[in-house]
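No hydrogens, no waters, no symmetry mates; every other heavy atom, side chains included, goes into these values.
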Amino acid sequence: MKWFLLVSVIFLCSFTVVAQQENEHLLKYLQQKFSEPAGPTYSDSLYQLSLPELRLPESLKSASIPAMVDNSKLPYLRPVFEQVGASCGQSSAIGYNFTYEMDLARGVHADTSINQYPTHFTYNFENTGYEYYGASYFHSFDILKKCGNMNVKDYGGFTDNGSRWISGYNLYYNGMFNRIEDVCTIKTNTSRGILALKNWVYNHMGESALGGVASFYAGSPWNAKILAAGTPEQGRYVVTEFSVPAVHAMTIVGYNDSIRNDYNSDGKYTNNLDINNDGIIDVRDWEIGGFKFVNSYGNSGA
């Protein structure tokens with residue numbers, strides 16, 4: 001039996017994020033907004049603080065890494081999908097993250113039902129039988145550790161109406177072969193934290209030839225802008241800030257050190273000026289570089 005590692009990211013700063021996020025589905029958004037709890041709870045926050053922090057090793061602090069990595073182009077990331085109900089936590093942590101890391105470790109492609117993992121196996125443990133009741137992915141991690149997650153073929157589909165309870169010893173037994181050993185967190189409120197995340201995305205911090213993905217909670221990305229003409233990735237959608245509270249889970253799949261957004265409208269793109277006038281220059285002042293994420297809600301995309 002093989003064990004795997006998933007990564008969750010704590011975002012304590014605002015920075016540029018690329019996404020092909022288009023028009024929101026207003027009705028479904030309102031259903032989710034007013035039917036599920038307002039994102040992770042206080043106990044969820046304590047849970048995340050208890051997770052081991054994945055820090056950048058000293059040996060990688062000055063290591064050379066590519067200026068751009070896009071793991072969404074690898075065959076281990078399953079095709080983009082639209083979540084059902086308020087299952088964003090499981091869509092991120094299991095539909096994308098767990099599926100990617102499991103399939104990468106096994107060297108199999110994520111385009112078949114035997115190599116994909118359903119969101120609702122774990123979601124239905126905690127949604128009270130109602131498809132618009134959100135369930136934190138932190139609790140799903142515990143299920144992945146102790147029980148595992150059967151594949152889509154065994155589950156009989158990728159999603160359901162939120163009230164199904166799977167039966168059958170052999171199905172649960174098969175799921176026991178798909179478990180994780182641990183979950184780590186990466187704090188991105190410093191330049192070193194962001195470098196740690198980039199190294200994870202590039203090559204699992206030196207542990208493999210290919211990199212990983214990471215789950216995170218933030219505000220729903222309805223405020224997408226367009227990258228300016230004449231800049232890298234011009235015309236693509238970009239999220240320059242997330243609203244609060246953190247009610248939606250998404251998955252980081254890449255980064256690009258060249259994309260840019262002029263936060264203070266001074267006609268310049270800088271990472272070395274105090275643009276927010278707080279007396280210090282840190283990652284909150286960066287206008288160059290960002291992460292790419294895949295979304296499962298609205299007109300989903302990466």
Side-chain angles (χ1 to χ4, degrees), residues 4-13 15 17-19 21 36 39-41 44-45 47-54 69-72 74 76-78 80-81 83 86-105 110 116-123 126 134-145 149 178-189 193-194 196-201 204-205 211-221 239 242 245-255 290-297 300-302:
F4 302 94
L5 174 74
L6 272 64
V7 166
S8 175
V9 178
I10 301 177
F11 281 115
L12 301 177
C13 59
F15 53 86
V17 184
V18 175
Q21 177 68 37
E36 66 171 317
T41 64
D44 293 328
S45 298
Y47 182 105
Q48 182 159 29
L49 290 174
S50 72
L51 295 176
E53 183 180 351
L54 195 60
V69 172
D70 187 357
N71 291 334
S72 70
L74 297 179
Y76 315 111
L77 188 76
R78 60 146 295 138
V80 173
F81 62 91
Q83 72 185 60
S87 61
C88 63
Q90 294 66 41
S91 295
S92 170
I94 296 171
Y96 291 124
N97 195 336
F98 179 71
T99 297
Y100 175 95
E101 298 291 355
M102 187 70 75
D103 289 353
L104 172 60
Q116 294 175 359
Y117 299 93
T119 57
H120 278 52
F121 173 71
T122 55
Y123 178 54
E126 295 187 281
S136 166
Y137 62 47
F138 295 116
H139 305 293
S140 299
F141 291 151
D142 284 338
I143 296 172
L144 291 177
K145 288 180 182 180
N149 206 109
N178 308 314
R179 288 187 283 171
I180 62 173
E181 182 176 15
D182 210 346
V183 179
C184 292
T185 188
I186 298 175
K187 296 181 180 180
T188 58
N189 59 327
I194 290 179
L197 178 55
K198 287 167 59 179
N199 272 270
W200 173 263
V201 171
H204 285 98
M205 290 193 183
V213 300
S215 297
F216 70 103
Y217 273 105
S220 297
V239 178
F242 286 106
V247 297
H248 187 52
M250 293 156 280
T251 309
I252 290 172
V253 296
Y255 66 84
F291 288 98
K292 183 176 184 180
F293 68 87
V294 61
N295 185 25
S296 62
Y297 195 67
S300 309

I'd like to know if the side chain of [X] reaches the main chain of [Y], judged simply by a donor and an acceptor atom lying under 3.5 Å from each other, with no hydrogens or angles considered.
X	Y	result
Ser91	Ser87	yes
Ser92	Cys88	no
Asn178	Asn149	yes
Tyr96	Ser215	no
Gln90	Tyr123	no
Trp200	Val213	yes

Given side chains that start at C-beta, do those of [X] and [Y] come closer than 4.5 Å, heavy atoms only?
X	Y	answer
Leu54	Thr185	no
Tyr100	Leu74	yes
Tyr217	Ser136	yes
Lys292	Val69	no
His204	Glu101	yes
Phe98	Ile180	yes
Thr122	Ile94	yes

How long is the straight-line distance from [atom2] of [Y] back to [atom1] of [X], given to the nearest 0.5 Å?
X	Y	atom1	atom2	value
Tyr76	Thr99	OH	OG1	14.0 Å
Met102	Arg179	CE	CZ	10.0 Å
Asn71	Tyr255	CG	OH	9.0 Å
Leu77	Asn97	CG	CG	9.5 Å

For residues [X] and [Y], report the shortest heavy-atom separation together with the two atoms involved.
X	Y	result
Lys145	Asp182	NZ-OD1, 3.6 Å
Glu126	Ala135	CB-CB, 4.0 Å
Gly219	Met250	O-CE, 3.9 Å

Please test Cys184 against Leu51 for side chain to side chain contact (heavy atoms under 4.5 Å, CB included), starting from the C-alpha separation and ending with a verdict. CA-CA 6 Å; Cys184 292; Leu51 295 176; over 6 Å; no
Determine whether the side chains of Asn295 and His248 contain a donor N or O and an acceptor N or O closer than 3.5 Å.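 Checked: Asn295/His248 side chains pair up, N/O donor to acceptor below 3.5 Å.
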SB check Arg78 Asp103 (cutoff 4.0 Å):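 Between Asp103 and Arg78 there is no salt bridge, as every charged N stays at least 4.0 Å from the carboxylate O atoms.
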Parallel under 30°, tilted from 30 to 60°, perpendicular over 60°: which one fits the rings of Phe293 and Phe242? tilted
